[in-house]
Amino acid sequence: MQYWLIKSDPETYSFEQMKKDKRTFWDGVRNYAARNHLRSMKKGDLCFFYESMRGEPAIRGVVKVVKEHYQDPTTTEDWSCVDVEFVEGWKTPVTLKEIKANKKLSQMALVRLARLSVQPVREDEWEEILRMKEKK
DNA sequence: GCCAACGTTGGC
DNA sequence: GCCAACGTTGGC
């Protein structure tokens, strides 16, 4: 089992929408590194849902991979997408500011490779973020 | 809205 | 295959 973090610009697809849809296909990834991560995702893997750009950039909840990668239907080029399902929304999101302020998370791709839209999360990082969420 | 950081493109 | 130019992302 692997953990991931997927980013979305809420103007394109918000966590609010994710919650409403319950399930969606994660399309539109147009970056090779991100695509490779999509292709490594396994059914049952958990992902943090991160919203960028508008408002406070933050992790807002958790979604689960329910279908492994397949051809992105929005293009004929060689890109992939996966299906994800809503798991839980957090009342108080864990913000980028808080993540940056936490020394244990300084190695996170979110901090070091800000533009990578699909990234792996280490187990200790996953747990640390859950701890931060619980403490609120 | 600005701009730094990064990825991609294309000329050589 | 290098690297400058350009486009895009995303934090602030």
Side-chain angles (χ1 to χ4, degrees):
Chain A
M1 159 107 151
Q2 248 293 156
Y3 297 106
W4 307 92
L5 181 146
I6 55 180
K7 279 203 284 197
S8 188
D9 170 5
E11 216 155 306
T12 310
Y13 192 84
S14 65
F15 190 58
E16 195 65 19
Q17 192 62 43
M18 176 82 245
K19 205 167 171 177
K20 246 182 261 168
D21 291 346
K22 291 290 172 209
R23 176 175 175 150
T24 191
F25 59 107
W26 204 258
D27 67 319
V29 169
R30 296 291 183 270
N31 167 288
Y32 291 107
R35 184 188 72 181
N36 292 340
H37 291 315
L38 274 186
R39 290 181 178 177
S40 316
M41 284 183 174
K42 291 276 182 286
K43 203 171 163 179
D45 283 357
L46 295 173
C47 316
F48 285 137
F49 191 113
Y50 176 89
E51 275 186 359
S52 63
M53 309 280 247
R54 227 203 331 199
E56 179 96 83
I59 296 171
R60 306 201 170 269
V62 176
V63 298
K64 183 168 71 176
V65 177
V66 287
K67 185 174 179 189
E68 291 175 20
H69 74 93
Y70 55 97
Q71 173 64 34
D72 184 335
T74 64
T75 177
T76 53
E77 286 171 68
D78 186 24
W79 296 106
S80 295
C81 69
V82 298
D83 285 5
V84 293
E85 188 179 79
F86 177 83
V87 175
E88 62 177 25
W90 299 347
K91 258 179 273 167
T92 45
V94 174
T95 65
L96 180 62
K97 213 194 299 173
E98 291 164 334
I99 291 168
K100 280 185 169 168
N102 188 329
K103 281 203 192 76
K104 288 185 201 150
L105 301 176
S106 62
Q107 292 306 302
M108 273 193 83
L110 185 63
V111 178
R112 303 194 310 155
L113 299 162
R115 292 181 53 187
L116 186 58
S117 58
V118 179
Q119 46 183 266
V121 174
R122 294 202 317 243
E123 197 174 347
D124 59 309
E125 293 165 347
W126 180 273
E127 282 164 6
E128 180 62 19
I129 287 170
L130 288 184
R131 265 197 295 279
M132 289 166 74
K133 191 257 307 181
E134 293 303 329
K135 252 187 264 169
K136 294 194 172 188

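Bear in mind that the values here come from a model prediction, so they are computed numbers and not experimental data.
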Asks: With sugar-phosphate meaning primed atoms plus P, OP1 and OP2, does A/Lys97 contact a base, only sugar-phosphate, or nothing at under 4.0 Å between heavy atoms?
Replies: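 No contact.
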
Asks: Going by an N to O cut-off under 4.0 Å, is there a salt bridge joining A/Asp83 and A/Arg23?
Replies: yes

Asks: Are A/Tyr50 and A/Leu116 grouped together when hydrophobic residues (ILVMFWY) are joined by side-chain heavy atoms under 4.5 angstrom apart?
Replies: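 No, it is not one cluster - the side chains of A/Tyr50 and A/Leu116 are not joined through contacts under 4.5 Å.
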
Asks: Taking side-chain contact (heavy atoms from CB on, under 4.5 Å) as the criterion, tell me which of A/Leu110, A/Thr95, A/Leu96 meets it with A/Pro57.
Replies: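 So, applying the side-chain contact (heavy atoms from CB on, under 4.5 Å) to A/Pro57 and each of A/Leu110, A/Thr95, A/Leu96, only A/Leu96 qualifies.
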
Asks: Is A/Arg131 salt-bridged to A/Glu134, cutoff N-O under 4.0 Å?
Replies: no

Asks: Between A/Asp72 and A/Arg35, does any NZ, NE, NH1 or NH2 come within less than 4.0 Å of an OD or OE carboxylate oxygen?
Replies: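 Here A/Arg35 does not pair with A/Asp72 in a salt bridge, since their nearest N and O are not under 4.0 Å apart.
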
Asks: Return the 5'-most residue of the pair A/Met53, A/Asn31 with respect to DNA chain B, ranking by each residue's nearest nucleotide.
Replies: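 That would be A/Met53.
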
Asks: Check every nucleotide of DNA chain C for an atom under 4.0 Å from a heavy-atom of chain A, then give the first and the last such nucleotide from 5' to 3'.
Replies: C/dG7 to C/dC12

Asks: Would you classify A/Arg30 as touching base, sugar-phosphate or nothing, given that sugar-phosphate means primed atoms plus P, OP1 and OP2, and contacts are heavy atoms under 4.0 Å?
Replies: nothing

Asks: Membership question, hydrophobic clusters at under 4.5 Å side-chain separation (ILVMFWY): are A/Trp26 and A/Val87 in the same one?
Replies: no

Asks: Identify, residue by residue, the members of residues 104-111 of chain A with a heavy atom below 4.0 Å from DNA chain B, and return them in order of residue number, or none.
Replies: none

Asks: Are A/Phe15 and A/Trp90 an aromatic pair by the rule of ring centers under 6.0 Å?
Replies: no

Asks: Assign A/Leu116 to base, sugar-phosphate, or nothing according to its heavy-atom contacts below 4.0 angstrom with the strands shown.
Replies: nothing

Asks: Hey, can you tell me if A/His37 and A/Trp4 have their rings parallel, tilted or perpendicular (30° and 60° cut-offs)?
Replies: tilted

